[in-house]
Participant: 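Below are the structure tokens for one structure; questions will follow.
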Amino acid sequence: MYQSLQPKPVSASRISLAQLSQPENANILGNVHGGWIMKLVDEAGALACMRHAQRPVVTVAIDSMVFHKPIRIGDLVFITAGVTYVGRTSLEAEVYVETENPFTGERIETNTAYLLYVALGDDGRPVPVPPLLAETEEEKRKLEEARQRQDRRLAARK
Ligand SMILES: CC(C)(COP(=O)(O)OP(=O)(O)OC[C@H]1O[C@@H](n2cnc3c(N)ncnc32)[C@H](O)[C@@H]1OP(=O)(O)O)[C@@H](O)C(=O)NCCC(=O)NCCS
């Protein structure tokens, strides 16, 4: 599989998904099941990292996910994922979840999560990925914050 190790900008792999929450996504209270949102968050983060790495990635760590408000069945769920940090073989994605009531247009920010992935080579072992080009001030700030999160994960691993 061809993979260039040229640095890549954050914008090249950012991804947005939209889903309509359906009755089969409900919890016993009739709102959206948190596990369904977690699955979408993990998939969106992985997709951004795969676009950056041009390799399959696996999830290594999911930092805390906090649901600030319940999501109603019938609400649209918008998920945006962007790569915030790249190590040698690891990548962090920031995944932002927002919902919209399609009838009123009301939008609610429900969740931001940080997930760490590792890119795998054809042998199933971690493989180097292209460095990340943080171009804007916001991307540079996010990169620095992500480095600190990764330092904390690695300290906890020991
Ligand atoms: C991902 C996996 C292959 C890494 O194997 P490993 O032997 O730990 O590999 P390494 O020690 O070389 O680490 C690879 C990278 O992951 C990072 N890493 C590993 N464990 C980590 C952790 N707990 N937190 C943060 N980063 C971690 C390392 O720092 C390294 O990053 P770098 O190359 O950017 O410096 C292995 O942990 C694995 O297979 N995990 C299961 C993944 C999976 O199945 N996910 C789905 C969940 S069901």
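These numbers were taken from a predicted model, which means no experiment stands behind them. As the structure lists them, so they are numbered: ligands from 1, and atoms in each ligand from 1.
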Participant: Would you indicate whether the side-chain heavy atoms of V77 and I37 approach each other to under 4.5 Å?
Facilitator: yes
Participant: E43: what forms a side chain to side chain donor-acceptor pair (under 3.5 Å) with it, not counting sequence neighbours?
Facilitator: K39
Participant: Counting only heavy atoms from other residues, nucleotides and ligands, does the tally under 6.0 Å from CD of Q148 exceed 12?
Facilitator: yes
Participant: Can you list every pair where an N/O of ligand 1 is under 3.5 Å from an N/O on the protein?
Facilitator:
residue: ligand 1; atom: 7 (O); partner: R125; partner atom: NH2; Å: 3.4
residue: ligand 1; atom: 8 (O); partner: R157; partner atom: NH2; Å: 2.8
residue: ligand 1; atom: 11 (O); partner: R157; partner atom: NH2; Å: 3.3
residue: ligand 1; atom: 20 (N); partner: R157; partner atom: NE; Å: 3.4
residue: ligand 1; atom: 26 (N); partner: Q150; partner atom: NE2; Å: 3.0
residue: ligand 1; atom: 31 (O); partner: S90; partner atom: OG; Å: 3.3
residue: ligand 1; atom: 33 (O); partner: T89; partner atom: N; Å: 2.9
residue: ligand 1; atom: 33 (O); partner: T89; partner atom: OG1; Å: 2.6
residue: ligand 1; atom: 34 (O); partner: R88; partner atom: N; Å: 2.7
residue: ligand 1; atom: 34 (O); partner: T89; partner atom: N; Å: 3.1
residue: ligand 1; atom: 34 (O); partner: S90; partner atom: N; Å: 3.0
residue: ligand 1; atom: 34 (O); partner: S90; partner atom: OG; Å: 2.6
residue: ligand 1; atom: 45 (N); partner: T59; partner atom: O; Å: 2.8

Participant: For residues Q19 and I79, determine if any side-chain heavy atom of one lies less than 4.5 Å from a side-chain heavy atom of the other.
Facilitator: no
Participant: Give, for atom CZ of R107 and atom CD of E98, the distance between the pair rounded to the nearest 0.5 Å.
Facilitator: 4.5 Å
Participant: How far apart are the closest heavy atoms of A119 and V57, and which atoms are they?
Facilitator: CA-CG1, 4.0 Å
